[in-house]
Every structure is written in structure tokens, then in C-alpha cells.
Amino acid sequence: MTTKKIVLLDGNSLAYRAFFALPLLTNDSGIHTNAVYGFTMMLQNILADEKPTHMLVAWDAGKTTFRHQTYGEYKGGRQKTPPELSEQFPYLRKLLEAFNIPQYELDQYEADDIIGTLSTTGDADGSEVIVISGDKDLTQLASEKTTVYITRKGMTDIEKYTPDHVKEKYGIEPQQIIDMKGLMGDTSDNIPGVPGVGEKTALKLLKEYGSVENVYQSIDNITAKKLKENLTNNEEQAYMSKTLATIEVKAPLTISIDDLSYAGPDMDKVTSIYQELKFKTLLEKIAPQEAEKPQEAIDIQFLTEITEADLTDEMAIHIEMIEDNYLTADILGISLADEKRTLFVTLAVAQQSAIFKEWLGNPANKKYTSDSKAAIASLAGQGLIAEGFEFDLLLASYIVNPSSTYPDIASIAREFGRADVQPDEVIYGKGAKKSVPDEEKIAEHASRKARVIWDLRDVIETKLKENDLYDLYHELELPLAKILCQMEVTGVKTDLKTLQEIGSDLSAKLIELEAAIYEAAGEKFNINSPKQLGVILFEKIGLTPIKKTKTGYSTAADVLEKLESEHEIIGLILTYRQLGKLNSTYIEGLSKEIHEDGKIHTRFQQALTTTGRLSSINPNLQNIPVRLEEGRKIRAAFVPSEPGWYLFAADYSQIELRVLAHISKDEKMIEAFRAGADIHTKTAMDVFGVDQDAVTSDMRRAAKAVNFGIVYGISDYGLSQSLGITRKEAATFIESYLNSFPGVKAYMEEIVADAKLKGYVTTLMNRRRYLPDITSSNFNLRGFAERTAMNTPIQGSAADIIKKAMIDMAKRLEDEGLQTRMLLQVHDELIFEAPEDEIEKLKQIVPEVMESAIALDVPLKVDWAFGLSWYETK
DNA sequence: CGCTTCACG
DNA sequence: ACGTACGTGAAGCGA
């Protein structure tokens, strides 16, 4: 038996969604393509996942519909379709024709009504129906046989509304969606609803009375005075709103389900449209080999012996590895390129060549590479010393735009217009299929990389100079790469025994807690599964769910803390989670990362964060516990690598607020830092208008939270969450803060305005971050971009400063001839290991160097400590 | 492989 | 009305 599978798409809604979800892409010919692209991506996924037998894209027809006879203002006040979107509709229609997907529109009806009519018919026939839209109104069509897919951000992300899911999400049946709209209205369609009734009230009323009609029949039972008044005065409007929101399921269609049969696309036509629109990734999906024009052959010299003539004082060099952890990966070969030649040598040939080793170690020979840190570290692992890296493609492209992250050289090259390097995944495969190909293939791949590095250097350096970014790149990031390399290669000695002792202690406690939790719950379950835990807490025990996630009840710590007094199990779970985290991530996780030399070698990602910070991976040594004592003990396992040595830690005090004081030029804040005041206490004095002696610990705590909020780009909601107060109270706090610090207030306003004007913000050292969403009409995106505009200059400048300090520090250690080694950077602190007899010197030079990394309008302050383990440096 | 949770600054 | 604090990485679950 064959059942039909009918997919019905809401064309206009999906095009709008795609348009606003994706950045305004233009192809080479200047045509905007984002809506077509997003629509197509979604379509491809649906075709692949659902394999429909019948399909239709329904469009809205013209301006007026039968709903306008009911209410002239229906969809009134809507902004005109942006021209950048309008111009994309013809392409969408053409594309759908190429896919052989039927399209339909009907005068006086909206796409919803076409879909509603067909889904109802299909449903009655026993067919499986999928409705796809960006508009949640369509969830009213959900039924046993009909599922409604609503796209979420990014288009390919989809939320599936079955009747159960509607019920779970809203607590009502799909048919009641129209009652909900009747009561709350819909601003986007200009449906009025009942004033003063929003989603919450509407749902409450419906849970009690079931429908708009029943609400009015029982109107006398409603006690809330204002609500009753609003309902009574707007009865007609409520009924009308419900009618407007109701999708017509008996539209006079001139097509039937049989007209929708779908047999697959006309690939030739699809390909030609993709080519016209320059959809490269989509083209590759269809025909990987045809996607690109055949690659031009590259002439490679495969050297078995290196002569002086092969090497010059200016060359691109690339170290090819299949694994991304260059600290442990094997080197598959080395490629070199200059203006004329492209060379490839195996590791063995390189290692045996005195000529090559001399060339490599001589800094006068300028080397251009991608990821100099990886190059230096991997070569050092093979006993090859490399000096003189003058260009780093990875860092340069990151500085041009830190928001674009690249998985490999191919994608960087592509960004700058070069398509002649294949992605690593294509050469090596991925997942289980990943393997080393024959040497010829490696040689070609590596050589193409060296070639593109050579060719792009000039292009990218020019771009850096144009944007005033060259200094940041060349004087800060490039020298830092070498220092980070040294830190990674040095590693941190980690005492496995200490970890194991803490681990067995934790394990014992976890077993006890586990038993106590099962006892309290009355059954065994997986405590680590939020899903199972949610069932136990909120269904079996019957606690009140405070927050929901996409997938169910939230069981996050802040939620559980609010329930702690309700049931003994909560406290046990919180402790279990805390200790479980320590055990799995830190004890077990870190133990696995200890190398044969007894050390952990993290890698610092220098071209990743959007703000300019570093990140640490494999393992992450920037998030070792410190806030709670149980976790802090983990730090006892990190020790000096030589007998008689110490760990020495130094951190910037309040660096972000000092940066804020400087860039905002707020006089009060500058004054406070110059006077050496406790900034949170000072903030409390100003915000609450009291003397220092009258500042209570609660006031200081609140002031501290506001200071954090300010740094993050404050919102009343965020502050209310962190302080556990109402939004209104939070808003009052913020207002009195900004009145106390007018310079800060002005800065926040100016930076957002400036970002809107220029499209980006910068840090003290000119690091740039582009914020395309800052002019978005989407409230969320814009709000996020605005907060980012406020935060990035602060977080990013602090990152600039500590990077500069690291460079100065490395130089100082060298100049002073000290043995001290820099080991770690944790955003505002530096960790060193040092022989005992250098500690006195460090006490003096570390704060001196760090504090003078940059001159601000306020002093920088550094605190330090030393001890026999990281735990003791407090 | 996405989601949730939680560790850090 | 909208639904958020900024920046990260790792582990475990469950489709």
C-alpha cells in the first residue's frame, strides 16, 4: 500500500523568514540572493528528509483578500516588502519550476488558506501531510496526520508541531490557536484582539474556558476587574479577531491533490540556476566534481635532495598535517613556494638536509605561512628549529574579520577569491573514513596551500593596511604566536596522583549521593539526563516548573535553587551535579590529557574569538575551577615542572572596568580608580547615595552586579536575573547608575550610534568587529548587536592589553636572562613557573611590566601570588 | 550532532 | 509585545 506524503509550503512566509534570517548576501552580479539561498537550503533538507510524493508551494495573491471585507485594516501598517526581497521572488519561482514543484495562488485568498484547504483534504484521505511555514499561526492545522514545521533562526532549523507539541508548548489544542489569536490579537497582521490581553492571559482564559465563545458565556465568573472590563468592551472585536485568524479550509481551489504529485527536479535546470546565482556550496552538493571548473594543473618540484638554489630569503612554507592537534600530529610533508616555483619535500628529506635546517633556522630568511604557531611547534617536535615568520595567513584573515572562522586554508583562500585549494575534508575524508592518501595527492594539496599563501600575502596585507589593522596584526598578534607556541610546547606539569586522590574522594561521595537521590525519588533513573530528571521532579514529585527549554523542562541550577526549599532531593541533585562535573570534566578529563612528559599541553586558539580573546582547547585550561573550594582543590594538581621551582600567578585587578573608565572618560570613575578605591563600594555609594560606612554587603553585591552588567551591555532583564529582583527594580538601578556615571551613559549611547554609522566597533589597539545586525529590523538581533557594541571594545581592549603584556614580559625575561617560563594566560592573568631564586625578581618585574603594557587615564593594577601549586597561588 | 548544563574570565 | 545579560570549551544524553 502506498500512502501519500504531501508537503505544503507557505512561499511568502518562508521567503520573508529566509530574508531576515540571513545576512544580505549579494553575488558577483549584485543580485541579492539571501532569501533564495535560505529557501533552497531548507527545501533541500526537506526533500532529503521527507521524500514527499506530493508537493506545493502556495503564494499569497495580491493585496486584498476576503479578510479585508471583514476588517479593512487587516495587515494594515505593514512595512512595504523591501526591494532587496522583492527582486528575489522571480528567482524563487524559477527555481521551484526547475525543481518541478507545483506553485499555486488564488485571488482573494492567502497562502494559508490554500494550505489549510489542501491539508484538510489530504488529512481526510488518510495521507500524511507536512505544512511548512515561518508563521506560527499555521500550527492551528496540526492534527493526527498533519504536522506543521515552523522554521527557526537560520532556516534549516525546524520546530515540528504535532498536536502534542502544541499542547506541550501552549497547553491548548491546535484548534484553540484561533481562540488565542482572537483574544491576544496579532500585531504583525494587525489583528486587534482584546486590549490588555497578551499570550499569558489568553492561555489562562482558554485553559479555563476553552474558547472565545465560552469566555463570554462565563464572563461573570471573571473576577479581575480590568480584564473583565476589557473583555466586555471588546466582545465584537474578539470574535472578529478570531475569524480573521481562522484559516479557511474550504477555499474554492482549482487544483486538487492529484495535481501536486512530485517526481523530482530537473537537475540541468537547477544547476543552471545555481550557477546563475553563484550558489557554490549547493552546486557542490549536487555534483562535487563539476562544481568548480577543473582546477588548473600546478607544477610541483618533488625534491629528494635540497640544494642552496632551491631556497631563497623569501618563501611561503606550509607544514601539512592530517590531524588538527599540531602538538601531536605527524608531518605528512613540507611545501614551499615563491614567485616562480612550488616545491615539496618529505619530512625525512627535510630532516636530513643541513641546507634546509640552516635556511629554516635563519630569521633573515622570511617565511610566509598559515598558522605560524602550528608550524613552529610541529617542526620543533621533529627537531627542526624555525625562525623568521613574517606572514601568517590565519592571523591576518582573523584580524581582517574576527567573525569569520575558517576550518582550513581552503576556506580562507576562498574568502579572498582563490578557489584552487581543496578543503582538507575532500582530500582526507571525514569521520571514520578519514585517512592519509598517497604521497602525490598530499604533495599537490600541500603545494597548492603554499602557492595560495604566497599569492595572498600582498592582497591581505594591503587590506590590513587600508583598515589600519597592520600594526595590530604585525606587532601584536604575530609576535604573540611565537610566545604562545612556547607556552604550549612547555606545558604544565600535572600530578596525576593528586587528581586520582581527589577523584576517589569524589567517586565515593557521588555513590552516596546517587543512593540518596534514588531514595528521595522513590526510583532509579539517570540523574545526568535532564529529560529523566524533569519527569521525576515536575511530574512524579509535582514541583512547579519555573522555566522551559526547547526540549522540555529546564533543570538548570538557577531553576533548582529556587525550588530548593520545596523538596530534599533538590539539594542532593545540585551537589551531585557539582561533584559530577568535577569528576567527569576535570578529574577524568584532565587525567586523559597528561602526556608522557607528565605535562598537559593545551593549545591556545589565537584566531577564534570575536573579541580578540584567546581560547584554550584540548584541554581547556582557562576554566579550571576556582569559585568553590571543592573544585579549587583541582588546582593542587598543577605544579612546577622542576624541583625547587614555584608557580607564580599575576592578575589584573578590574581590568575591564578600568578600560571602561578610560574609554568612556567618565570623570567619577577615573577619579575612583586613581584614588585606589574599591570600585564596587564606590559604585554602591554613588548609586544608593550613601557614605562609605553605610554601604552594606548587599549594596556592594548589587553594585558589583550592575558593574558586570554595564560591561556586558546592560539590560534590565539580565540584571534582574542576576540579582533575583524584578525587572522594574533592575531598571531603576540601571537608571541611577547611569545618572551617577554620566560619562558611561554617554559612551554607551555613542558607541551604539557609532556602530550603526560605521558598521563596526574597535578596541584600543584598533581591533575591529563588524556588527551587521546592528541595523536589523529584528528586535532580538539588533538588541544583541547593540550589547555587543558596548561589550566588545571593553572585553577586546582588555584582551589587547594582556597580549601586549605577554610580549613585553617575554622580552623582559629574555633581557634579564631569567629561566622563568610563561605557562598560561587566563584572560586577565598570567601563570609562570620559576626557580626559587627568581621569585624576588618576579615580584618586582611582573607587576611592573603588566601595569605598563599600555598607558591609560587610570592606573592598571596587578596582584600576584606564588606557591608550590596553582592552588597555592592565591 | 544538537541540546543542555556548567566550568572559567 | 518582542525575550536577552558578554566571551569561551567540554561532557553527557538521546535522536
Mind checking Gly713(A) for me? I need base, sugar-phosphate or nothing, with any heavy atom below 4.0 Å counting as a touch. nothing
Salt bridge present between Arg767(A) and Glu477(A) (N-O < 4.0 angstrom): yes
Please list, chain by chain and in numerical order, all residues satisfying side chain to side chain donor-acceptor pair (under 3.5 Å) with Glu539(A), sequence neighbours excluded. Tyr553(A)
Please check if the distance between the ring centroids of Tyr737(A) and Phe733(A) is under 6.0 Å. no
Looking across every strand, which nucleic acid part, if any, lies under 4.0 Å from Ala785(A) by heavy atom: base, sugar-phosphate, or nothing? nothing
Once you apply a heavy-atom cut-off of 4.0 Å, does Arg769(A) come out as touching a base, just sugar-phosphate, or nothing? sugar-phosphate
Taking side chain to side chain contact (heavy atoms under 4.5 Å, CB included) as the test, write out the residues that go with Thr775(A), two or more places apart. none
Contacts of Ala650(A) that satisfy side chain to side chain contact (heavy atoms under 4.5 Å, CB included) - sequence neighbours left out: Phe648(A), Val846(A), Met850(A), Val862(A), Trp864(A)
Which is true for Ser584(A) with a 4.0 Å heavy-atom rule: it touches a base, it touches only sugar-phosphate, or it touches nothing? sugar-phosphate
Please work out if Phe779(A) contacts a base, only the sugar-phosphate, or nothing of the nucleic acid, heavy-atom cut-off 4.0 Å. base
Which pairs, with at least one residue in residues 719-730 of chain A and sequence neighbours excluded, count as a salt bridge (Lys or Arg N to Asp or Glu O under 4.0 Å)? Asp716(A)-Arg727(A)
Take atom P in dT4(B) and the same atom in dA5(C), then report the distance between them in whole Å. 13 Å
Residues at least two apart in sequence or cross-chain that pass side chain to side chain contact (heavy atoms under 4.5 Å, CB included) with Ser529(A), listed by chain then number, are Asn526(A), Lys531(A), Gln532(A)
Looking at residues at least two apart in the chain, or sitting in another chain, which of them share a side chain to side chain donor-acceptor pair (under 3.5 Å) with Asn791(A)? none
Lys NZ or Arg CZ of Arg603(A) over Tyr326(A) ring: under 6.0 Å, within 45°: yes
Report yes or no: is the cationic atom of Lys745(A) (NZ for Lys, CZ for Arg) under 6.0 Å from the centre of the six-membered ring of Phe741(A), at an angle within 45° of the ring normal? no
What nucleic acid atoms does Asn618(A) come within less than 4.0 Å of, heavy atoms only: base, sugar-phosphate, or nothing? sugar-phosphate
How does protein contact run along nucleotides 4-9 of chain B, one letter per nucleotide 5' to 3', with B for base contact, S for sugar-phosphate only, - for none, heavy atoms under 4.0 Å? SSBBBB
Could I get the full list of side chain to side chain contact (heavy atoms under 4.5 Å, CB included) partners for Thr788(A), not counting sequence neighbours? Arg769(A), Leu771(A), Phe784(A), Thr792(A)
Which residue lies more 5' along DNA chain C, comparing Gly709(A) with Asn526(A) via nearest heavy atoms: Gly709(A)
Can you list the steps and then say if Tyr170(A) with Ile177(A) is a side chain to side chain contact (heavy atoms under 4.5 Å, CB included)? CA-CA 9 Å; Tyr170(A) 298 111; Ile177(A) 295 282; 4.2 Å; yes
For nucleotides dT4(C) and dC3(B), find the distance between their P atoms and express it as a whole number of Å. 14 Å
Would you classify Gln721(A) as touching base, sugar-phosphate or nothing, given that sugar-phosphate means primed atoms plus P, OP1 and OP2, and contacts are heavy atoms under 4.0 Å? nothing
Per-residue pairing states of DNA chain C in dot-bracket (Watson-Crick or G-U under 3.5 Å; . unpaired, | other strand) read .....|||||||||.
Quick one: label Ser722(A) by what it contacts on the DNA or RNA (base, sugar-phosphate, nothing), any heavy atom closer than 4.0 Å. base
Counting any heavy atom closer than 4.0 Å, what does Leu608(A) reach on the DNA or RNA strands: base, sugar-phosphate only, or nothing? sugar-phosphate
Taking heavy atoms of chain A and a 4.0 Å limit, find me the 5'-most and 3'-most nucleotide of DNA chain C within that range. dC2(C) to dA15(C)
Within residues 194-206 of chain A, which residues have any heavy atom lying less than 4.0 Å from an atom of DNA chain C? none
Closest-nucleotide ordering on DNA chain C, the 5'-leading residue of Met184(A) and Thr788(A): Met184(A)
Using 30° and 60° as the class boundaries, would you call the ring planes of Phe525(A) and Tyr518(A) parallel, tilted or perpendicular? perpendicular
If the condition is side chain to side chain donor-acceptor pair (under 3.5 Å), which residues does Asp558(A) pass it with, not counting sequence neighbours? Lys547(A)
